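Here the structure is a predicted model, which is why all the values come from computation and not from measurement. Reckoned from all heavy atoms, side chains included, excluding hydrogens, waters and symmetry mates. The chains referred to below are lettered A, B, ... by the order of the sequence lines, with proteins before strands, and numbering in each begins at 1.
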Amino acid sequence: MSVPSNPRGTQDILPEEWPYWTHVIREAEEVARLFGYERIETPTIADTELFLRTNDEGTDVLKEMYTFQDRGGDSLTLRPEGTAPVVRAYLQHGMSRRPQPVKLFYVEHMFRYERPQAGRFREHHQFGCEALGVEDAYLDVEMIALLRTLYERLGLGDLRLQINSIGDRNCRPAYLDGLRAYLSERREALAPVDQERLARNPLRVLDTKEERSLPIVADAPSILDFLCEDCRVHFERLRHGLDVLGIPYTINPTLVRGLDYYTRTVFEFYEEEHGAQLAVNGGGRYDALAEQLGGPPTPGIGFGLGIERVILLLKERDIGPPVCPGPRVSLVHVGQGTEDIAIRQAGRLRAAGIDAVMTFGDRSLRAQMRAANAAGSAYAVIIGPDEAANGTVTIRSLRDGSQETVPESLLVEAVSGPPRL
RNA sequence: GUGACCGUAGCUCAAUAGGCAGAGCUCUGGAUUGUGGCUCCAGUGGUUGUGGGUUCGAGCCCCAUCGGUCACCCCA
């Protein structure tokens, strides 16, 4: 015997979880709009080509994608990240003719085929922002300020920010050459894992956790020493803007991004305890992405924030979301024909904007009262033979136990306003 | 893809040395036939993840498989 279960790495978000979700999403949306961002949603599926174009072949990103052929033979992929689809939409809909920058936010599902782990799922949810069409470093500053505002609102104001610049196509190649040369010379001293990384993606070696590699990485050439004039100035302005706002940060020259299209600014907010292991969001500038997609040069910057991770932190810190009260009124009914009255009165209450539920099935008054209490209702409205005969209802406060019998016509008024305590 | 640990009721967990699968919570019903919470009583609920093997006998030992958790790889 086995009932069906959800696929590995996915999750059901049950009713009791939703207060967290609505809280986080609502705050995110509110803050985004506060900063002038508008909502966009792209399809959950996209042409596989979209993600192939934005990444070097052989990247692990590709082999972690959920890719399939539809019946027409097209190769589609479940959206693994939010940025490329948004940039695609920007290009496709000619948004370069809108006032720049175009500032967009999304709340979307992301998919990646990997082994589930703490705060990592095959299907997860991201809140993300993308700002396109402007190269100004103050756009970067503003985006980081947006995140700070959001975290403060959520009670996560102590999250730490780290920033870096990874240069652009002018200066990064030289740095990569230098780094590769430096690491190759010391290859034997690196941990085995990092020797592999050196071959695959030298930047990743900088992220190492291996004791053996740490001293080597510590003395490795820093990207910041290789930045071209434009990138250097951009980074200076970013830092200056953050200072102006009093936003604390640390510069981490080893901070990189997994995707190939990032340039210049990269940043992460993370929690001290979990360390960079569990970044709550990652973001960066991607001034070359639009061109990689075949569009005109279009600068852009964005971030993706893991909603599951935010909720994880809220729970760890016992930060409860606002409680969601039960239906204000529960209608209970005993006797022939009383359920007709109950369902009609429920309709009247709802029409007046009062959330009301009735009980179902032939249950004892006791059982129905229990249900009303369990539902968290402020009032139980009792409709029995006496009430039915007299055209009245009995309203019992489940807060203080007081009750009164009133004409049906006074029901809505009686349960309106703050519940008596 | 690699490794470690773990799978007993819807949930949290028991089950002495291999010897009849249990408790609490939840849920349902009831405690003089119309009144919730607190209390009390009762009931529903399991092929011990699944499939093999060892044994007179397996929740317990062995193998496989699936799933969960964590770490690695990678990280959007």
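- Between A:Asn281 and the options A:Leu159, A:Leu305, A:Val310, a side-chain contact (heavy atoms from CB on, under 4.5 Å) holds for only A:Leu305.
- Backbone-only contact: A:Ala118 has heavy atoms under 4.0 Å from sugar-phosphate atoms and none from a base.
- Along RNA chain B, the nucleotide nearest to A:Leu365 and the one nearest to A:Arg257 differ in position, and the one closer to the 5' end is contacted by A:Leu365.
- Judged by the 6.0 Å distance and 45° axis criteria, A:Arg122 is positioned over the aromatic ring of A:Tyr113.
- Taking only side-chain atoms of A:Arg396, from C-beta outward, the nucleotide of B:rA71, B:rC74, B:rG37 with the closest atom is B:rG37.
- Only one option out of A:Thr54, A:Ile301, A:Leu289 pairs with A:Thr83 in a side-chain contact (heavy atoms from CB on, under 4.5 Å); it is A:Leu289.
- Here the C1' atom of nucleotide B:rA71 and the CD atom of A:Glu210 are 12 Å apart, to the nearest Å.
- One donor-acceptor pair, N or O on each side, does fall under 3.5 Å between the base of B:rG30 and the side chain of A:Arg370.
- Taking atom CD on A:Glu17 and atom C1' on B:rC11, their separation rounds to 14 Å, with Å as the unit.
- Between the base of B:rC74 and the side chain of A:Arg120 there is a donor-acceptor pair shorter than 3.5 Å.
- Under 4.0 Å is where a charged nitrogen must lie from a carboxylate oxygen, and between A:Arg26 and A:Glu30 no such pair does.
- When the C1' atom is used for both B:rG49 and B:rU69, the distance is 15 Å, rounded to whole Å.
- Among the nucleotides B:rA71, B:rC73, B:rC75, the one closest to any side-chain atom of A:Arg197 is B:rC73.
- Look at CZ on A:Arg363: it is 16 Å from P on B:rU35, rounded to the nearest Å.
- The side chain of A:Ile382 lies closest to B:rG34 when the candidates are B:rG36, B:rA71, B:rG34.
- Side-chain rings of A:Phe226 and A:Tyr175 approach one another, their centers coming within less than 6.0 Å.
- Base pairing of B:rA64: its partner is B:rU50, meeting the Watson-Crick or G-U wobble criterion (both donor-acceptor distances under 3.5 Å).
- Nucleotides B:rU16 and B:rU12 place their C1' atoms 22 Å apart, quoted to the nearest Å.
- Residue-to-nucleotide contacts include no donor-acceptor pair under 3.5 Å from the side chain of A:Gln403 to the base of B:rG36.
- Base engagement by A:Asp386 is indicated by at least one non-hydrogen atom pair under 4.0 Å involving a base atom.
- One can place NE2 of A:His333 at 16 Å from P of B:rU35, the figure rounded to the nearest angstrom.
- Per the geometry, CG belonging to A:Leu14 stands 11 Å off P belonging to B:rC11, to the nearest Å.
- Contact of A:Arg115 with B:rG1 (side chain to base): no donor-acceptor pair of N or O atoms is detected under 3.5 Å.
- Evaluation of atom-type donor-acceptor distances gives no pair under 3.5 Å for the side chain of A:Gln368 against the base of B:rU35.
- On the P atoms, B:rG53 is 45 Å away from B:rG29, given to the nearest whole Å.
- With P as the reference atom, B:rA9 and B:rC60 are 14 Å apart, rounded to whole Å.
- Listed nucleotides B:rG29, B:rU35, B:rC72 differ in distance to A:Thr394; the shortest reach to its side chain belongs to B:rU35.
- Judged by Watson-Crick or G-U wobble contacts below 3.5 Å, the nucleotide B:rG1 has B:rC72 as its partner.
- Going from the P atom of B:rC25 to that of B:rC41 covers 10 Å, rounded to whole Å.
- In this structure, of B:rG37, B:rG67, B:rC74, it is B:rG37 that holds the atom nearest to the side chain of A:Asn373.
- Counting only heavy atoms from C-beta on, A:Arg112 has its side chain closest to B:rC75 among B:rG34, B:rC75, B:rA71.
- For the pairing with A:Phe303, the ring pair (Phe, Tyr, Trp, His ring centres under 6.0 Å) check across A:Tyr286, A:Phe127, A:Phe269 returns one residue only, A:Phe127.
- Across the protein-nucleic acid pair, A:Leu206 atom CG and B:rC75 atom P stand 12 Å apart, rounded to whole Å.
- Using a 4.0 Å heavy-atom cutoff across all strands shown, A:Gln126 reaches sugar-phosphate atoms only and no base atom.
- When Watson-Crick and G-U wobble pairs are counted only if both distances are under 3.5 Å, B:rA42 pairs with B:rU28.
- Contact of the A:His125 side chain with the A:Trp21 side chain is registered, since non-hydrogen atoms from C-beta on lie closer than 4.5 Å.
- Put simply, OH on A:Tyr379 is 20 Å from P on B:rG37, counting in whole angstrom units.
- Distance from the side chain of A:Glu64 is smallest to B:rC74 among B:rA71, B:rC74, B:rG29.
- Between the OH atom of A:Tyr262 and the P atom of B:rC75 there is a distance of 12 Å, rounded to whole Å.
- A salt bridge links A:Lys103 with A:Glu142: the closest approach of a Lys/Arg side-chain nitrogen to an acidic carboxylate oxygen falls below 4.0 angstrom.
- For B:rA21 and B:rA14, the C1' atoms lie 10 Å apart once the distance is rounded to whole Å.
- Spacing between B:rG37 and B:rU32 at atom P, rounded to whole Å, works out to 13 Å.
- Counting only heavy atoms from C-beta on, A:Glu114 has its side chain closest to B:rC74 among B:rC74, B:rG36, B:rG34.
- Rounded to whole Å, the C1' atom of B:rA15 lies 10 Å from the corresponding atom of B:rU8.
- Position along RNA chain B of the nearest nucleotide to A:Val334 versus A:Asp362 favours A:Asp362 as the more 5'-ward residue.
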